[in-house]
Amino acid sequence: MKVIRIDPFIKVTNFQDHVMAIGFFDGIHLGHQQLLRHAKNIAEQQNLLFTAMTFDPHPDEVINNEKARNYLTPLSEKIDKMEKMGVDALFVIHFDRTFASLSPADYIQNYILELNTRHVVVGFDFRFGHKAQGNTQVLAQAAKQSDFGLSVIPKKMYDNKKISSTLIRECIQAGRVEVIPFYLGANYQIKAVISNTHTIGIFQLDPIENFIFPKEGSYNILLMVDARSIPAVLQCDRGKWMLMVRERITNHQQTVTIEFLSQAMVKKTMTM
Ligand SMILES: Cc1cc2nc3c(=O)[nH]c(=O)nc-3n(C[C@H](O)[C@H](O)[C@H](O)COP(=O)(O)O)c2cc1C
Ligand SMILES: Nc1ncnc2c1ncn2[C@@H]1O[C@H](COP(=O)(O)OP(=O)(O)O)[C@@H](O)[C@H]1O
């Protein structure tokens, strides 16, 4: 998969005709997956490239001055997941105040038409352009006028609620990691580094990148390390994440993947 970063000083010209899914896509949850699969199908039917367009950082970091925002999928993780969804090229637009002030019409002209997009795929609640003035109706009008295709994907729900990255963030932050597969289609995963050994079987874990962490507590997890998947317990106490593993781990100071399964009932607090 090609990753094409776009900022106001980079203009992409002569891009191959393609079908483009647009959105922030934090988490690539089941709603996003439905949308991306639809775009992939159309690209295959029409023999076009399958692309996605996302933004970095999140508009709220720029517009609402939200500092050090955490993500379900920080950009590198999102790139991995997009590749797994079969995306041929991912446009990553540097989201800044200049970009945010583009009108819906200018966004369509500069970032849809000039990129040779033949078909656009968005969700029912997609908004774009200055003050989020553009919506699917504006896009539908432009599609008619400028002769590109448009698919608007209906709301994907679970348990009568719209599947959304906000909902998933709230569940994780509340420690309800066991419900995440219903929304994400998989357990919630983060990447971290085993930084320190305290006593045999107890290690300190330091987050890398800006992943959202569950609230303090104890969690049953799977630790992916040394090409193994090891059941373990992760406990957070006063901001420090400690890992209790029964098996031998040699891979210190390396990046590991932690998959959250459920909250653990741990009576005794670990001693550090
Ligand atoms: C050209 C452009 C300008 C935008 N300007 C604003 C803005 O002024 N205020 C805002 O809250 N969001 C703005 N957004 C963000 C969108 O509302 C929306 O969050 C973004 O397009 C990602 O779509 P999604 O949230 O459906 O994934 C803008 C988006 C685009 C593409
Ligand atoms: N549950 C859903 N069903 C259908 N489309 C969705 C759903 N959630 C998001 N989308 C669409 O996916 C794209 C990315 O949306 P985004 O705003 O990043 O997701 P979220 O609402 O989860 O934060 C947008 O086009 C949006 O309309």
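Atoms within a ligand are numbered from 1 in the order they appear, just like the ligands themselves.
Counting protein heavy atoms only, atom 6 (C) of ligand 1 is closest to Gly129 O, 3.3 Å. Looking at atom 8 (O) of ligand 1, its nearest protein heavy atom turns out to be Lys131 N, 2.6 Å. If you check which protein heavy atom lies closest to atom 20 (C) of ligand 1, you get Arg127 O, 3.7 Å. Among all non-hydrogen protein atoms, the one lying nearest atom 19 (O) of ligand 1 is Pro59 CG, 3.9 Å.
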**Item:** Stepwise salt bridge (Lys or Arg N to Asp or Glu O under 4.0 Å) test for Glu247 and Arg228
**Value:** CA-CA 11 Å; Glu247 290 185 38; Arg228 290 182 295 163; 2.9 Å; yes
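Taking a heavy-atom cut-off of under 4.0 Å, ligand 2 is surrounded by Ile22, Gly23, Phe24, Phe25, His29, Gly31, His32, Leu35, Val122, Gly123, Phe124, Asp125, Phe126, Pro154, Lys155, Lys156, Lys162, Ile163, Ser164, Ser165.
When ring centroids are compared, His119 and Phe148 stay outside the 6.0 Å threshold. Aromatic ring centroids of Phe25 and His32 lie under 6.0 Å apart. A centroid separation of less than 6.0 Å is found between the aromatic rings of Phe128 and Tyr107. Ring-centre distance between Phe213 and Phe211: not below the 6.0 Å cut-off.
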N/O donor to acceptor pairs below 3.5 angstrom from side-chain atoms of residues 12-23, sequence neighbours left out:
unit_1, atom_1, unit_2, atom_2, d
His18, ND1, Thr51, OG1, 2.7
His18, NE2, Leu115, O, 2.9
His18, NE2, Thr117, OG1, 3.3

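Residue Ile63 holds the heavy atom nearest to atom 11 (O) of ligand 1 of all those in Leu35, Asp60, Ile63, Ile22. When the heavy atoms of Tyr107, Tyr111, Phe128, Phe126 are ranked by distance to atom 23 (O) of ligand 1, first place goes to Phe126.
At a distance under 4.0 Å, a protein heavy atom can be found next to atom 27 (O) of ligand 1.
Contact annotation for Phe24 and ligand 1: heavy atoms of both the backbone and the side chain come within less than 4.0 Å of the ligand. Only the side chain of Phe95 comes within 4.0 Å of ligand 1, judged by heavy-atom distances.
Less than 4.0 angstrom separates some heavy atom of Gly23 from each of these atoms of ligand 1: 27 (O). Interface atoms of ligand 1 facing His130, defined by a heavy-atom separation under 4.0 Å, are 3 (C), 5 (N), 8 (O).
Two residues are said to be in side-chain contact when any heavy atoms from C-beta on lie closer than 4.5 Å; Phe99 and Tyr111 meet this criterion.
Inclusion of Ser101 in the set of residues having an N or O under 3.5 Å from an N or O of ligand 1 is not warranted.
Note that the CD1 atom of Ile153 and the CD atom of Gln34 stand 6.0 Å from one another [nearest 0.5 Å]. Distance CD1/Ile212 to SG/Cys171: 11.0 Å, rounded to 0.5 Å.
Crowding of Arg176 atom CZ: a count of heavy atoms from other residues, nucleotides or ligands under 6.0 Å not exceeding 12.
Legend: salt bridge (charged side-chain N to carboxylate O under 4.0 Å, His left out) pairs involving residues 74-103, not counting sequence neighbours, sorted by first then second residue: Glu77-Lys191.
With sequence neighbours excluded, the residues satisfying side chain to side chain contact (heavy atoms under 4.5 Å, CB included) with Ser229 are Leu222, Met224.
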